[in-house]
Student: 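Pasting a structure here, questions to come.
Values below: every heavy atom of this structure, side chains too, minus hydrogens, waters and symmetry copies. This chain uses plain numbering: 1 for the first residue, then up along the sequence.
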Amino acid sequence: MGTGAPVGLITYMRTDSTRISDTAKAGAKDYIVENFGKEYLGYQAASKQAQGAQDAHEAIRPSSADRTPEAVEQYLSRDQFRLYSLIWSRFMASQMAPAIYDTVSADLVQNQASFRANGSKIKFEGYQKVYTEANNKDNILPELINGETVKSKDLEPNQHFTQPPARYTEASLIKKLEEDGVGRPSTYSPTIETLLRRYYVKLEAKRFEPTELGEIVDSLISDYFPEIVDTSFTAELEQELDDIESNKKEWVEVIDNFYKSFSKELEKAEVEMEKIEIKDEPAGFKCPVDGGEMVIKMGRFGKFYACANFPECRHTEAIVKEIGVTCPKCHEGQIVERKSKKNRIFYGCSRYPECDFTDWNKPIARNCPVCDHYLVEKKGRGGKQIVCPNGDYAEDVQKGDVVEA
């Protein structure tokens, strides 16, 4: 950092161990006592490993408790800083005392109907001095006396219906894999990338939605290979592979037990499984090459336009979304939304390859009032911002504002 020698800020990032070294505990203890006081120091019990966890490396933690996020922020990118802040604060919180709340319950009766209000107020911050969940807020009730008559301001009759489970985000999917003992930290990212690359799912508003292809594949595999898609099968097989590594089991025996049942399911699937064809959707316009109907086809990287007269005509076009902004480089093409091979959205000129303009941030139809460079919409720590890529100008976007595209 700075003028000193380069240092590693965290321990091995691909471990799933929860073990903390005595040296790290001692460093955290010294920092907590010095900066917050002895009352904030928690009971440092020996950590318990999750079943199936690999313990060659200790838990993910900062290499030194003294390297606070504020001390290293100037040397890190925005994403690096956010990740390091999370690791540092979660580790320090794990070594601190629990928070203490004062809780109050009030029972109110009206016309033989009973109502209960619960309130809480934090009495001692404890670990929340460094790490607070978003939903940890005080819910303070007013001072009440037993037998007191209170007036009702409003009654809001609300009817609640059972909601289906929320769709998985990347974080909640990884959490579910951890709970089921499926995979390792080193396999979570490749698993998600494979689901997106093969177009089994797509990301909408940061949540996974199954595609038509994904639903078809899931249905077929569930029908013909029910054992393999069972998460307990994957977790048990990974445990058996760990047993092979530790010489507790012979690999021939494990593979033989698996293949006996799998080979029968495979033979049945080869005979009975029907070939599924995803029907092409009409695109609504003509092919510019031979005048044939254009259709929407499914490819490795998602849907695309193609001529219905394939293979006689091999004309194809990418499905792009215009954002209503003229290219600031060539001033002829339109800025369109595209996706990289890793399914990350970026913005480019519709005249590519004649014009090679690209930007990871969304351009808007205004120029910087300081340097006249085009402005972009960018997500900041406090929400969306309109910024100049040269750093000469920035403005916050309030909720409800319409960004000129």
Student: What pairs with E395 under side chain to side chain donor-acceptor pair (under 3.5 Å), at least two apart in sequence or on another chain?
Tutor: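 Partners of E395 by the side chain to side chain donor-acceptor pair (under 3.5 Å) criterion, ordered by chain and then number, come out as R366, Y393.
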
Student: Would you call R207-E204 a salt bridge at under 4.0 Å N-O?
Tutor: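 No, this pair does not count.
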
Student: Would you call the rings of W360 and F346 parallel, tilted or perpendicular, where under 30° means parallel and over 60° means perpendicular?
Tutor: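 Answer is perpendicular, since the angle exceeds 60°.
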
Student: What is the distance from atom SG of C388 to atom CD of Q385, rounded to the nearest 0.5 Å?
Tutor: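 Rounded to the nearest 0.5 Å, the SG-CD separation comes to 12.5 Å.
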
Student: I need the T211 OG1 to I216 CD1 distance, nearest 0.5 Å.
Tutor: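 These two atoms lie 8.5 Å from each other.
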
Student: Please report, to 0.1 Å, the donor-acceptor pairs under 3.5 Å made by any side chain of residues 311-318, with sequence neighbours excluded.
Tutor:
residue, atom, partner, partner atom, Å
H315, NE2, E317, OE2, 2.9

Student: Partners of Y12 by ring pair (Phe, Tyr, Trp, His ring centres under 6.0 Å), sequence neighbours excluded?
Tutor: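 So Y12 forms a ring pair (Phe, Tyr, Trp, His ring centres under 6.0 Å) with H57.
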
Student: If a pair satisfies side-chain hydrogen bond (donor to acceptor under 3.5 Å, both in side chains) and one of its residues is in residues 168-179, list it, with sequence neighbours excluded.
Tutor: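 Residue pairs passing side-chain hydrogen bond (donor to acceptor under 3.5 Å, both in side chains), neighbours aside: T169-S172.
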
Student: Hey, could you give me each pair passing side-chain hydrogen bond (donor to acceptor under 3.5 Å, both in side chains) that has a residue in residues 284-293? Not counting sequence neighbours.
Tutor: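 Applying side-chain hydrogen bond (donor to acceptor under 3.5 Å, both in side chains) to every pair that reaches into residues 284-293, excluding sequence neighbours, yields K286-E293, D290-N309.
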
Student: Taking distance alone, no hydrogens or angles, what donor-acceptor pairs closer than 3.5 Å link side-chain atoms of residues 222-235 to residues at least two apart or in another chain?
Tutor:
residue, atom, partner, partner atom, Å
S222, OG, D218, O, 2.8
Y224, OH, E272, O, 3.4
D230, OD1, S232, N, 3.0
D230, OD1, S232, OG, 3.0
D230, OD2, S232, OG, 3.2

Student: I'd like to check the side chain to side chain donor-acceptor pair (under 3.5 Å) partners of D356; sequence neighbours left out, ordered by chain and number.
Tutor: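 Counting only residues at least two positions away or on another chain, D356 forms a side chain to side chain donor-acceptor pair (under 3.5 Å) with K329.
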
Student: Taking only residues two or more places apart in sequence, or in another chain, which ones meet Y200 in a ring pair (Phe, Tyr, Trp, His ring centres under 6.0 Å)?
Tutor: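 For Y200, no residue satisfies ring pair (Phe, Tyr, Trp, His ring centres under 6.0 Å) once neighbours in sequence are set aside.
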
Student: Less than 4.5 Å apart, any side-chain heavy atom of Y40 and any of E125?
Tutor: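 They are in contact (side-chain heavy atoms under 4.5 Å apart), so the answer is yes.
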
Student: Listing request: all salt bridge (Lys or Arg N to Asp or Glu O under 4.0 Å) pairs with a residue in residues 90-109, at least two apart in sequence or in separate chains.
Tutor: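 Residue pairs with at least one partner in residues 90-109: D107-R116.
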
Student: Applying ring pair (Phe, Tyr, Trp, His ring centres under 6.0 Å), name anything that partners F91, two or more places apart in sequence or on another chain.
Tutor: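 F91 satisfies ring pair (Phe, Tyr, Trp, His ring centres under 6.0 Å) with no residue once adjacent residues are dropped.
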
Student: Is it true that, when you exclude M273 itself, more than 12 heavy atoms of the residues, nucleotides or ligands shown sit nearer than 6.0 Å to its CE?
Tutor: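 Yes - once you tally the heavy atoms of other residues, nucleotides and ligands closer than 6.0 Å, there are more than 12.
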
Student: If you look at every heavy atom in A24 and I20, which pair is closest and at what distance?
Tutor: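 Of all heavy-atom pairs spanning A24 and I20, the closest is CB-CG2, 3.8 Å.
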
Student: Please list, chain by chain and in numerical order, all residues satisfying ring pair (Phe, Tyr, Trp, His ring centres under 6.0 Å) with F357, sequence neighbours excluded.
Tutor: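 Partners of F357 by the ring pair (Phe, Tyr, Trp, His ring centres under 6.0 Å) criterion, ordered by chain and then number, come out as Y374.
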
Student: Starting at CD1 of I386, measure out to SG of C368 and round the result to the nearest 0.5 Å.
Tutor: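 SG of C368 is found 12.0 Å from CD1 of I386.
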
Student: Please report the interatomic distance OH(Y31) to CE(M92), rounded to the nearest 0.5 Å.
Tutor: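 Answer for the OH-CE pair, Y31 versus M92, is 6.5 Å.
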
Student: Could you give all pairs that pass the side-chain hydrogen bond (donor to acceptor under 3.5 Å, both in side chains) test and reach residues 257-270, with sequence neighbours left out?
Tutor: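 Matches after skipping sequence neighbours: D256-K260.
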
